[in-house]
Amino acid sequence: MAVYSNYDTSVFSFVNPLHNNEKYLMNIPEMFKGYKICFSKGGWLLMSDGLRFFFYNPFTRSSIELLIPFSSSSGISFSSLPTSSDCNIFVFDKPLGREVSISFINLREEDWLGSHGSFDGSYLASNKKLVEFDTNLNNPTFYNGAFYCLDRNGILGVSKQENGIISWEVLAMVPRPNCEFIYESYLVECEGKLLCVLLGHLGKWVRIFRLNNTRMVWAEVENLGQHMLCISNTSCISAVAPTSKMENKIYFSRLHEEGILLYSLDTGMYHCLGSRHSSKDYRDTKEVLWCSWIEPNWSESSDQFPDWLRI
């Protein structure tokens, strides 16, 4: 389901596409007023007011404060449930120049690990200039033990930490759809494969590609089968559709009137849950800010929380 909050309130709004846009409201602790959702995974939200960061599970009302020494980033993600000892938080940013700023925080280290990595000589464009990585507004995706980032132009990068050493690599570039400009790009794992979803201006075209891990090339996907994708700037998830009506569709953090917007790969059109709306683009819709997709998690994976700082 989709969860979003008004930046100046302490109420979460939930919209469930499975039950025809059924809506719920949930009060959250007053201390989270002014916080926005940065990332979501496994039923947990990573929230920030720009200075402080918290993990928060709205279903169990559990929260964990993070002592993170930064206030902004181009993307932030975590690898597993924050109740797990192998949870890593990944922060990605791009300062001036060709360098990218990469930071990890995990439970096995007392100190913050940071690194500035530049593109090395093995990744050169045809003009023999270093590949430029233009950071996207979307968050990195944890996949096969590493964090993958997709830039505005469809260039894929990967970072991982092994034995305290942080690495950064540029892997592959998504084929440009008819040389058109990519306006939005998203990464999501589906059936053990990494997918990217590309959108043109106002969503006038939608293309999906699957990464071949062996050859490091992208192949176009024209049908999701029984799967559905839910994408937003803060989280992207895939799932086997619970009903046949939800198969082969992409759900967005956008509303047409009060209904969730979706794109059907069967019709090649945008539709809206609960109405007969149909369109070739999403110009008549509005993006829901501070919105994320969340899978309800009513249980804790461990009775003992890690030594981050529990509220």
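Just so it is clear, the structure is predicted and the values come from calculations on it, not from any experiment. Heavy atoms only: backbone and side chains are in, while hydrogens, waters and symmetry mates are out.
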* Hey, quick one: are I231 and L265 part of the same hydrophobic cluster, counting side-chain heavy atoms closer than 4.5 Å, chains of contacts allowed? -> yes
* Asked: Does any N or O in the side chain of T234 come within less than 3.5 Å of the main-chain N or O of C38, such that one atom is a donor and the other an acceptor?
  -> no
* Asked: Going hydrophobic residue to hydrophobic residue with side-chain gaps under 4.5 angstrom, can you get from V217 over to V221?
  -> no
* Taking N57 for the side chain and S63 for the main chain, is one N or O donor matched with an acceptor at less than 3.5 Å? -> no
* Asked: How close do A146 and V158 get, heavy atom to heavy atom, and via which atoms?
  -> CB-CG2, 3.5 Å
* To do: Indicate the ring-plane relationship of Y270 and F252, choosing parallel, tilted or perpendicular according to the 30° and 60° boundaries.
  => tilted
* **CG on D266 to CG on N223, rounded to 0.5 Å** => 6.5 Å
* N144 CG to K160 NZ distance, which is reported to the nearest 0.5 Å -> 10.0 Å
* To do: Any chance you could lay out the side chain to side chain contact (heavy atoms under 4.5 Å, CB included) test for F53 and I89, step after step, and finish with the verdict?
  => CA-CA 12 Å; F53 288 81; I89 301 170; over 6 Å; no
* Side chains of V170 and I155 in contact at under 4.5 Å (non-hydrogen atoms) -> yes
* Asked: Do F59 and I294 have side chains that get closer than 4.5 Å, going by heavy atoms?
  -> yes
* To do: For residues F147 and W168, establish whether the separation of their ring centroids is below 6.0 Å.
  => no
* Structure fact -> Contacts of E189 meeting salt bridge (Lys or Arg N to Asp or Glu O under 4.0 Å) (sequence neighbours excluded), chain-then-number -> none
* Asked: Does some side-chain heavy atom of H227 sit less than 4.5 Å from a side-chain heavy atom of E191?
  -> yes
* At their closest point, which heavy atom of C291 faces which heavy atom of S253, and how far apart are they? -> SG-CB, 3.7 Å
* Asked: Y251 and Y263: ring pair (Phe, Tyr, Trp, His ring centres under 6.0 Å), yes or no, with the steps?
  -> CA-CA 7 Å; Y251 292 81; Y263 178 83; over 10 Å; no
* To do: Report whether L198 and L171 are members of the same hydrophobic cluster (ILVMFWY, side-chain heavy atoms less than 4.5 Å apart, transitive linking).
  => yes
* Is it true that F90 and F142 have ring centroids separated by less than 6.0 Å? -> no
* To do: Start with the C-alpha distance between S292 and S235, add both sets of side-chain angles, then the distance that settles side-chain hydrogen bond (donor to acceptor under 3.5 Å, both in side chains), and finish with yes or no.
  => CA-CA 6 Å; S292 190; S235 67; 2.9 Å; yes
* Structure fact -> Looking only at heavy atoms, the pair that brings S278 and M269 closest together is OG-CE, 3.4 Å
* Asked: Is K249 reaching over with its side chain to a backbone N or O of K245, donor-acceptor style, under 3.5 angstrom?
  -> yes
* Asked: Side chains of S80 and D86: is there a donor and an acceptor less than 3.5 Å apart?
  -> yes
* Hey, mind stepping through L187 and N138 against side chain to side chain contact (heavy atoms under 4.5 Å, CB included) and telling me if it holds? -> CA-CA 8 Å; L187 280 179; N138 302 318; over 6 Å; no
* Structure fact -> So CD1 of I237 and OG of S232: to nearest 0.5 Å the spacing works out to 9.0 Å
* Report yes if some heavy atom in the side chain of V91 is under 4.5 Å from a heavy atom in the side chain of I102; otherwise report no. => no
* Between S40 and F78, what is the shortest heavy-atom contact and its length? -> C-CZ, 4.5 Å
* Report yes if the side chains of C196 and I208 come closer than 4.5 Å at any heavy-atom pair, otherwise no. => no
* Asked: Should L255 and L261 count as side-chain neighbours, where that means a heavy-atom distance under 4.5 Å?
  -> no
* Can a donor-acceptor pair be found between the side chains of Y186 and N139 at a distance below 3.5 Å? -> no
* To do: Return yes if some donor-acceptor pair links the side-chain N/O of S264 with the main-chain N/O of G268 below 3.5 Å, else return no.
  => no
* Structure fact -> Taken to the nearest 0.5 Å, the spacing of R254 CZ from T285 OG1 works out to 4.0 Å
* Check step by step if side chain to side chain contact (heavy atoms under 4.5 Å, CB included) holds for T141 and V188. => CA-CA 7 Å; T141 296; V188 57; 6.0 Å; no
* To do: Find out whether P58 and L45 are in side-chain contact, i.e. whether some heavy atom of one side chain is under 4.5 Å from a heavy atom of the other.
  => yes
* Asked: Are N233 and E287 close enough that some pair of their side-chain heavy atoms sits under 4.5 Å apart?
  -> yes
* Indicate the atoms forming the closest heavy-atom contact of T267 with H271, along with that distance. => OG1-NE2, 2.8 Å
* Asked: Within the distance-only criterion (no hydrogens, no angle test), does the side chain of N248 pair as donor or acceptor with the backbone N or O of L224 below 3.5 angstrom?
  -> yes
* Test side chain to side chain contact (heavy atoms under 4.5 Å, CB included) on L211 and L156 and set out the steps. => CA-CA 10 Å; L211 181 67; L156 182 70; 3.8 Å; yes
* Asked: When rounded to the nearest 0.5 angstrom, what distance separates CG in L81 from CG in N297?
  -> 6.0 Å
* Shortest non-hydrogen contact from F39 toward S77 -> CZ-OG, 3.3 Å
* Asked: About how many Å separate CG of N212 and CH2 of W218, when rounded to the nearest 0.5 Å?
  -> 10.5 Å
